[in-house]
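Have a look at the structure below, then the notes.
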Amino acid sequence: MSKKPFYITTPIYYPSGNPHIGHCYTTVACDSIARFKRMQGYDVMFLTGTDEHGLKIEQKATAKGVTPKEFVDEIVSEFKKLWGFMNISYDRFIRTTDDYHVETVQKIFKALYDKGYIYKGEYSGKYCTPCESFWTDSQLDEKGCCPECHRPVTLAKEESYFFKISTFADRIEKLLTETDYLRPKNRANELVNNFIKPGLEDLCVSRTSFKWGIPVSFDDKHVVYVWIDALSNYISALGYINGKYDDFEKFWPADVHMVAKDIMRFHAIIWPAILMALDLPMPKHLAVHGWITFNGEKMSKSLGNVVDPFVLGQRYGCDAIRYHILREMALGADSSFSNEIMINRINSDLANGFGNLVSRTVAMADKYFGGTLPTEREAADIDEDFKSVILDAVSKVEEHMDETRIKQALETIFAAVDRANKYIDETEPWVLGRDESKRARLAAVLYNLLDGIRIISALLSCFMPETMPKVWEQIGASEADIAYEKLSVFGVLPENVTVHKGEILFPRIDVVKEIEELNNIIKKNMEAAQANLSAEEKGEASAEEIELAPEISIDDFAKVELRCAKILSAEKVKKSDKLLCLQLDDGMGGRQVVSGIAQYYTPEELVGKKIQLVANLKPVKLRGVESFGMITAADTPDGVKVLFLDDSIPAGSKIR
Ligand code: MSP
């Protein structure tokens, strides 16, 4: 019987800088699902790759004095090196500079043009270069900047091709609200309210202002908009209208596209529209996760090498890193990365929890039976509860993996690990071992533990593929013993199984010493990173780049009433990702201000802090919430940073 196909994809990454832990999350998560599905007997296609075109890459290559292709080649090899190091079992790696992808994109563009979905016009709008996105005025943030990265946008005008995306608005809305395409489903409202309800505008899908892209085949002064190019990778990689592969019929529609929240919009609106225009079926699921944050912000290169997965993997093993990032992130929410949390997690779950379970069990089988269990057994009631918890875990993990709930799958497995450790405490093998008449009972307990470890470790092998074969060696499990269909039954290991004591799987880490060492590494790497960064990346725009607003007199400035205020409380504004509603002590009886900083600060980070308030700004309503003034903040390459004031300044003090 032929195996059922299963197709899973990561986003294709921009090779504009070296990869970091943030990039690892989606890739490791997809890898775990791909491995799980292979274990279940599916014919898996796991796709990843790189998204190599666009103005940003062209500019970086020029700055470095190399061609764009030379520039990306070097970074793509870093991505591949990292995926090798992290044991990523991708089946195919696509580069958007590959000829067959170029062929598909050109044909898709032409097909949409021939069908009348793409037409030629003139574009005039606000363009954000770092995000490669045009925005309408209504989409810009409160300061008129890019709603994604909050950097200034420029007015751009060019002859362009447009995609009549509005044709598909109703079908897209239904896809998001009436099917289970989007995971988690609760993000559908935000997409519908922010993008579909205000009216989908035709999308500008070609550029003439730069060259590094795929030329439109019938009008080569245009290159194809980078998102049309990038999204098409999911089908070009299967051979859709190209001669390189022929897996399209087998694997399309994809089972899971996994992406982070910042690129949800492209996958939830633009990608379905392209597929609808091509008359192709919709992918089954779009799983959207949050960001791994560091100090409350999305990780970025300028933070230095704390996030370098190579450094962390070399110190603790790549399985420990894989486990940590997967265990911390719930689908849909952000998860904050810290060295302390990582080390404590490795110690508690991997060293004390699972590692200890394996080493204690193997050591006892060795000590009491010379490594080989006798076949005589004595069962007890307590065994059944232990076995049922382990077997239940298998079906629960299966459900969680089908729903892309990786964190919950790991929680389930580690609840089974805890149950196994508790079983040791309940059965007290060291007491049984002292009594010759209890040998059959002791053998039963140790056998149950070894067989339980067999099931747990087989499940864990999808998440920690490097360590689990070592466990199988230690508990005497053969490849056949860990086959998926054998995970729903107990009693698979040979009755007279022989264990082999082995190395410690996850050595305990000395928290204090390790944090100190990591902090030293971070410090050095941050200094090196800063020294290597260009002025632009450091946020030090050079004098000639800064375009000042027209001069004002001191009287003009005096019209702005700046006051010190203290943040008393902060909460997210409903239906907005970006806005926080702040209650302030302004020394004048208090007021409410709405600020677009929700992506950069949690309420807890703000409460109690003193800030600069523009106190005489005309009140406005933002997402239906009244705002009386605004707080000041700086735009930096790492996002928005609020200007906090010294705590000794009383609330209400005038600032001049
Ligand atoms: N090239 C586009 C994707 C095109 S897919 C057709 C792109 N590339 S990216 O390299 O900038 O980002 C790739 C993915 O990595 C995105 O989902 C992005 O959100 C994710 N991450 C980058 N930093 C991240 C974190 N700190 N945390 C979690 N994911 C993060 O977007």
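Ligands are counted one by one from 1 in listed order, and the atoms in each one are counted from 1 as well.
Ligand 1 does not have P15 within reach: every non-hydrogen atom of the residue lies 4.0 Å or more from it. Residue K261 places no heavy atom under 4.0 Å from ligand 1.
For ligand 1, the atoms lying closer than 4.0 Å to a non-hydrogen atom of D51 are 1 (N), 2 (C), 4 (C). Taking every heavy atom of H289 and a limit of under 4.0 angstrom, the matching atoms of ligand 1 come to 28 (C), 29 (N). For ligand 1, the atoms sitting less than 4.0 Å from at least one non-hydrogen atom of D262 are 18 (C), 19 (O), numbered in the order shown with element in parentheses. Atoms of ligand 1 found under 4.0 Å from any heavy atom of A230 (numbered from 1 in listed order, with element): 6 (C). Listed by number with element, the atoms of ligand 1 under 4.0 Å from a non-hydrogen atom of G290 are 28 (C). Heavy-atom proximity to H20, at under 4.0 Å, picks out these atoms of ligand 1: 23 (N).
Salt bridge status for E190 with K261: absent, with no side-chain N to carboxylate O gap under 4.0 Å. By the 4.0 Å N-to-carboxylate-O rule, D98 lies too far from K244 to be salt-bridged with it.
Among Y14, Y234, F79, W271, the residue whose heavy atom sits closest to atom 5 (S) of ligand 1 is Y234. Closest heavy-atom approach to atom 16 (C) of ligand 1 within the set V259, I263, D229: this belongs to I263.
Ligand 1 has no N or O atom lying under 3.5 Å from any N or O atom of H267, backbone or side chain. Considering backbone and side-chain atoms alike, I12 places an N or O below 3.5 Å from some N or O of ligand 1. Considering backbone and side-chain N/O of M329, none are found under 3.5 Å from N/O of ligand 1. Geometrically, ligand 1 and I292 share a nitrogen or oxygen pair separated by less than 3.5 Å.
Residue-level proximity to ligand 1 for Y25 is absent, since no heavy atom of it falls below 4.0 angstrom.
Other residues, nucleotides and ligands contribute over 12 non-hydrogen atoms within 6.0 Å of the CD atom of E78.
For the 3.5 Å distance criterion, the side chains of Y13 and T27 qualify, holding a donor opposite an acceptor.
Pairs engaging residues 226-241 under the salt bridge (charged side-chain N to carboxylate O under 4.0 Å, His left out) rule: none recorded [sequence neighbours left out].
Seen from the ring of Y14, K56 counts as a face-on cation partner, given the 6.0 Å and 45° thresholds.
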task = Go through the steps for D255 and K37 under the test salt bridge (charged side-chain N to carboxylate O under 4.0 Å, His left out), then give the verdict.
result = CA-CA 11 Å; D255 292 271; K37 287 286 161 188; over 6 Å; no
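For K126, the salt bridge (charged side-chain N to carboxylate O under 4.0 Å, His left out) criterion is met by D137, not counting sequence neighbours.
Across all their heavy atoms, F162 and D202 have their closest contact at CD2-O, 4.0 Å.
Atom-to-atom distance recorded for T97:OG1 and W212:CH2 is 6.0 Å, nearest 0.5 angstrom.
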